[in-house]
Asker: 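Let me give you the structure first, and then I'll get to my questions.
Just so we're clear, the structure is a prediction, and the values are computed from it rather than from any experiment.
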Amino acid sequence: MLVILGVLGAAGAIFAWRMAIKEPEREPRIEVLAGIGGGLITGIAVGVSALFLEQSLGERQKYSAWRANVEIAESIPGFTPGSRDIQGINFSGKVLHNADFRGADLRKAQLRDTDLTGADLRGARMQGANLVGANFYQADLRGAHLEGTWLHAANFTEATINDDATYFTGAIVDIDTCWPTKVDVPKLARHIFNHYEHVRAHWGGLAPDCPLWKNGERMD
């Protein structure tokens, strides 16, 4: 409908312009036609702007509703934020089995005691995140950035960690942090500690001999 009105408005304006050139004695009629054409074009511009505004508000309302549901939910299996902004959402204590956080921006996120069993975290940016007590059982952490994260009592049993491309520089761990059996402890530890001599006191344990975790279950 807007297209039809636009064509009519443009046609009226062009017709009025041609009449002004060829028949200047019909000035009142020309002015009417020009006014109609201009009014139609103006109305179309306003209508298009209103449509864009309505669509924008609709998308914002949908996002706000989605975010509110995420914040109040305790369990979201297969959670997939996609391109949505998840900055500032508190995920602490939530059950997010098989979540898809590939490439997600989780910097300084709150993921304390979050159950991320089977989650896909490839390439996720988690620098400075609170991951105390987080459960990464069978999660894929290849290419993930965990620099400066808090990993006290975190569980990495059967998680996929790339010693060269999962980044733990400056992460904080303790004796309850549980690591997968296949991880290269000396190599990975050097990313976290300045001196490997401190590893035995502060590194944590290797599955299945972790005191706090048995597979994906916390024992306390």
Side-chain angles (χ1 to χ4, degrees), residues 66 70-71 73-174 176-193 199 203-210 212-219:
W66 173 85
V70 171
E71 289 176 339
E74 296 181 0
S75 178
I76 317 176
F79 176 66
T80 305
S83 60
R84 298 184 185 91
D85 180 16
I86 54 177
Q87 281 286 304
I89 295 179
N90 189 344
F91 292 103
S92 294
K94 296 185 184 298
V95 178
L96 302 175
H97 288 184
N98 302 309
D100 187 350
F101 281 115
R102 284 176 293 176
D105 187 355
L106 290 164
R107 289 173 293 181
K108 297 184 178 180
Q110 293 297 316
L111 290 152
R112 187 184 184 99
D113 297 320
T114 304
D115 190 346
L116 292 158
T117 296
D120 191 341
L121 289 150
R122 286 176 290 174
R125 292 165 290 162
M126 295 183 278
Q127 294 96 326
N130 181 355
L131 303 173
V132 174
N135 186 10
F136 293 98
Y137 180 67
Q138 295 183 339
D140 192 340
L141 290 153
R142 288 175 292 176
H145 290 264
L146 293 93
E147 296 97 331
T149 52
W150 296 75
L151 298 174
H152 302 81
N155 179 34
F156 291 95
T157 305
E158 294 190 27
T160 303
I161 293 175
N162 187 318
D163 298 335
D164 295 317
T166 301
Y167 306 95
F168 288 94
T169 304
I172 302 173
V173 300
D174 66 1
D176 289 320
T177 305
C178 189
W179 300 97
T181 54
K182 295 181 180 179
V183 73
D184 186 336
V185 175
K187 189 173 185 179
L188 191 57
R190 290 189 184 97
H191 290 295
I192 300 177
F193 300 98
V199 170
W203 173 257
L206 290 176
D209 299 321
C210 301
L212 189 62
W213 294 93
K214 294 301 178 186
N215 295 321
E217 300 294 328
R218 189 159 174 162
M219 305 307 295

Asker: Mind checking the CG-CD spacing from Asn130 to Gln110? Nearest 0.5 Å is all I need.
Answerer: 4.5 Å

Asker: Can you tell me how far apart CG (Asn155) and CD (Gln138) are? Round to the nearest 0.5 Å.
Answerer: 10.0 Å

Asker: Indicate the atoms forming the closest heavy-atom contact of Ile86 with Ala104, along with that distance.
Answerer: CD1-CB, 4.2 Å

Asker: Can you tell me if CD on Gln87 sees more than 12 non-hydrogen neighbours from other groups inside 6.0 Å?
Answerer: yes

Asker: Any heavy-atom pair between the side chains of Asn215 and Glu158 that's under 4.5 Å?
Answerer: yes

Asker: Search all heavy atoms of Arg218 against all heavy atoms of Asp113 and return the closest pair with its distance.
Answerer: NH1-OD1, 3.5 Å

Asker: Within the 4.5 Å heavy-atom criterion, are Met126 and Leu141 side-chain neighbours or not?
Answerer: yes

Asker: If I take atom CG from residue Asn135 and atom CG from residue Asp115, how far apart are they, to the nearest 0.5 angstrom?
Answerer: 4.5 Å

Asker: Can you find a heavy atom in the side chain of Glu74 that is under 4.5 Å from one in the side chain of Val95?
Answerer: no

Asker: Does any part of the side chain of Trp66, heavy atoms only, come nearer than 4.5 Å to the side chain of Arg84, both counted from C-beta?
Answerer: yes

Asker: Can you measure from OG1 (Thr117) to CG (Asn98) and round to the nearest 0.5 angstrom?
Answerer: 8.0 Å

Asker: Enter the distance from Leu146:CG to Leu121:CG here, rounded to the nearest 0.5 Å.
Answerer: 8.0 Å

Asker: Start with the C-alpha gap between Phe91 and Val70, add the side-chain angles, then the distance that decides, and say whether side chain to side chain contact (heavy atoms under 4.5 Å, CB included) holds.
Answerer: CA-CA 9 Å; Phe91 292 103; Val70 171; 4.0 Å; yes

Asker: With distance as the sole test, does Lys94 use its side chain to make a donor-acceptor pair with the main-chain N or O of Ala73 at under 3.5 Å?
Answerer: yes

Asker: Taking atom CD as the centre, does Glu217 end up with more than 12 heavy-atom neighbours from other residues, nucleotides or ligands that are less than 6.0 angstrom away?
Answerer: no

Asker: For Arg102, is there an ion pair with Asp140 - N to carboxylate O distance below 4.0 angstrom?
Answerer: no

Asker: In terms of relative ring orientation, are Trp179 and Phe168 parallel, tilted or perpendicular, with 30° and 60° separating the classes?
Answerer: perpendicular

Asker: Going through the distances and angles, do Phe101 and Phe79 end up as a ring pair (Phe, Tyr, Trp, His ring centres under 6.0 Å)?
Answerer: CA-CA 8 Å; Phe101 281 115; Phe79 176 66; 5.6 Å; yes

Asker: Counting C-beta onward and ignoring hydrogens, is there a side-chain heavy-atom pair between Asp176 and Trp213 closer than 4.5 Å?
Answerer: no

Asker: Begin with the C-alpha distance, continue with both residues' side-chain angles, and end with the deciding distance and a verdict on side chain to side chain contact (heavy atoms under 4.5 Å, CB included) for Ile172 and His152.
Answerer: CA-CA 7 Å; Ile172 302 173; His152 302 81; 3.4 Å; yes

Asker: Between Thr169 (side chain) and Tyr167 (backbone), is there a donor-acceptor pair under 3.5 Å?
Answerer: no

Asker: Within the structure provided, determine whether Leu151 and Val132 are in side-chain contact (heavy-atom separation under 4.5 Å).
Answerer: no

Asker: Just by distance, do the side chain of Thr149 and the backbone of Ala171 share a donor-acceptor pair under 3.5 Å?
Answerer: no

Asker: Would you mind reporting whether Leu131 and Phe136 have side-chain heavy atoms less than 4.5 Å apart?
Answerer: yes

Asker: Rounded to the nearest 0.5 Å, what's the gap from SG on Cys178 to NZ on Lys214? Could you check?
Answerer: 8.0 Å

